[in-house]
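Below is one structure, written out as structure tokens; comments come after it.
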Amino acid sequence: TQDGNLAQSITVTGTSWISNYNADWGGNVTFSAGRMFNRQSRFRGTAILSKTGATDDESYGGNRFDQDVTLNNSGSGHLRMAYTTFDSLMQNLTVNLTGSDHIFVAYNGAGNYIGGNVDANNTATGTTANIYLGYATGSSLVIDGNVDIDNNSSSTNYYTYLGVAGTTTVGGTVDIN
């Protein structure tokens, strides 16, 4: 638990990882690591979470983000958020996929929530690299704001999916570029 709202910035390289398990961050955070795990943690300031490595990572879920969130995957392994239970993002979400594997938001669990807008940017490389907003059967995702999808990848197969299975509800408009 962080006492106060001092901004935190942590970068680790190679196969090192950052694991937020029952963490409570009072200030803005910028975390970058080869592997990224988040479980039942609270982020009270803005959060920039960047995965850079080759190993697939599943973040359990149960996280609450009070301010804007940016999720980046520049690695060759996927990043799954809300792998087991729902996440709550109270403001805007930006997703940037620049690596060569997938990024999943609201992978599983009923009750995933985004209180603001979603900006999904797929400029990935490689063979197949997708962004998934809502994925598994039985999952649900509510987005109160607008969704802007920019698909400019050089991958052979690249897509941004807005709801694969389960239920996905968008309160605003959807713009696909």
Side-chain angles (χ1 to χ4, degrees), residues 1-75 77-99 101-121 123 131-135 139-148 150 169-172:
T1 299
Q2 178 189 10
D3 189 18
N5 60 1
L6 183 66
Q8 302 293 319
S9 181
I10 300 171
T11 300
V12 295
T13 59
T15 58
S16 299
W17 67 79
I18 293 175
S19 179
N20 291 294
Y21 192 138
N22 290 330
D24 190 342
W25 295 99
N28 299 338
V29 298
T30 302
F31 297 149
S32 179
R35 305 198 65 193
M36 182 71 58
F37 303 97
N38 300 287
R39 180 179 178 144
Q40 297 170 320
S41 293
R42 184 162 187 185
F43 299 83
R44 296 175 187 271
T46 60
I48 300 172
L49 306 177
S50 301
K51 175 190 170 35
T52 61
T55 305
D56 295 340
D57 296 332
E58 282 79 27
S59 286
Y60 179 86
N63 301 293
R64 179 183 168 103
F65 297 87
D66 292 343
Q67 301 298 322
D68 291 349
V69 179
T70 301
L71 298 175
N72 301 312
N73 185 359
S74 63
H78 68 247
L79 174 62
R80 288 181 179 157
M81 298 294 291
Y83 184 68
T84 303
T85 190
F86 69 91
D87 285 329
S88 298
L89 289 73
M90 307 315 289
Q91 299 292 326
N92 300 311
L93 169 66
T94 300
V95 178
N96 297 309
L97 179 57
T98 59
D101 206 330
H102 312 303
I103 188 165
F104 299 82
V105 175
Y107 180 81
N108 201 4
N112 288 285
Y113 176 74
I114 300 171
N117 299 320
V118 175
D119 188 12
N121 305 296
T123 58
I131 296 173
Y132 297 92
L133 303 170
Y135 187 77
S139 68
S140 66
L141 171 61
V142 172
I143 302 169
D144 281 349
N146 301 320
V147 177
D148 183 34
D150 291 309
T169 305
V170 177

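All values reported here derive from a predicted model rather than from experimental measurement.
- Residues forming a side-chain hydrogen bond (donor to acceptor under 3.5 Å, both in side chains) with Y135 (at least two apart in sequence, or on another chain): none.
- The closest side-chain heavy-atom distance from I131 to L133 is below 4.5 Å.
- Taken to the nearest 0.5 Å, the CZ atom of F31 stands 8.5 Å off from the OG atom of S9.
- Scored by the side-chain hydrogen bond (donor to acceptor under 3.5 Å, both in side chains) test, S74 finds no partners at all (sequence neighbours excluded).
- Inter-residue side-chain proximity for F65 and Q91 is flagged as unmet; no heavy-atom pair is nearer than 4.5 Å.
- Between Y132 and H102, the angle of the ring planes goes over 60°, which puts this pair in the perpendicular group of the 30/60° scheme.
- Considering only residues two or more places apart in sequence or on other chains, D66 meets the salt bridge (charged side-chain N to carboxylate O under 4.0 Å, His left out) condition with R42, R64.
- Here salt bridge (charged side-chain N to carboxylate O under 4.0 Å, His left out) pairs that include residues 11-37, with residues two or more places apart or in two chains, are D24-R44, R35-D57.
- In this structure, D144 CG and T169 OG1 are separated by 10.0 Å, a value rounded to the nearest 0.5 Å.
- With a 4.5 Å cut-off on side-chain heavy atoms, N92 and V118 do not count as touching.
- Sequence neighbours left out, the pairs with a member in residues 78-93 that pass salt bridge (charged side-chain N to carboxylate O under 4.0 Å, His left out) are E58-R80.
- The side chain to side chain contact (heavy atoms under 4.5 Å, CB included) test applied to T15 returns no partner, not counting sequence neighbours.
- Between the CD1 atom of I103 and the OG1 atom of T98 there is a distance of 9.5 Å, given to the nearest 0.5 Å.
- In terms of heavy atoms, G111 sits closest to S140 at N-OG, 2.7 Å.
- For N20, the side-chain hydrogen bond (donor to acceptor under 3.5 Å, both in side chains) criterion is met by W25, N38, not counting sequence neighbours.
- Residues I48 and V29 have side chains not in contact (no heavy-atom distance under 4.5 Å, counting atoms from C-beta outward).
- With sequence neighbours left out, the side-chain hydrogen bond (donor to acceptor under 3.5 Å, both in side chains) criterion links N72 to S50, N96.
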Please lay out, stage by stage, how L93 and L71 fare under the test side chain to side chain contact (heavy atoms under 4.5 Å, CB included). CA-CA 8 Å; L93 169 66; L71 298 175; 4.0 Å; yes

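- Counting all heavy atoms, side chain and backbone alike, S41 lies closest to N63 at N-OD1, 2.9 Å.
- To the nearest 0.5 Å, atom CD1 of residue I18 and atom CE of residue M36 are 4.5 Å apart.
- In plain terms, the two heavy atoms of M90 and Y113 that are nearest each other are CE-CE2, 4.0 Å.
- When the options V147, V142, L141 are evaluated for a side chain to side chain contact (heavy atoms under 4.5 Å, CB included) with I114, the one that passes is L141.
- A 6.0 Å sphere centred on CZ of F86 holds no more than 12 heavy atoms belonging to other residues, nucleotides or ligands.
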Show your reasoning for whether side chain to side chain contact (heavy atoms under 4.5 Å, CB included) applies to F37 and Y83. CA-CA 10 Å; F37 303 97; Y83 184 68; over 6 Å; no

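- S32 places none of its side-chain heavy atoms less than 4.5 Å from the side chain of I10.
- Applying the ring pair (Phe, Tyr, Trp, His ring centres under 6.0 Å) criterion to Y60, with sequence neighbours excluded, gives no partner residue.
- Taking every heavy atom of both residues into account, A33 and S16 meet most closely at CB-O, 4.0 Å.
- D150 meets the side chain to side chain contact (heavy atoms under 4.5 Å, CB included) test with D119, N121, D148, N152, N177; sequence neighbours excluded.
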Worksheet entry | Derivation of the side chain to side chain contact (heavy atoms under 4.5 Å, CB included) call for H78 and F104 | CA-CA 8 Å; H78 68 247; F104 299 82; 4.1 Å; yes

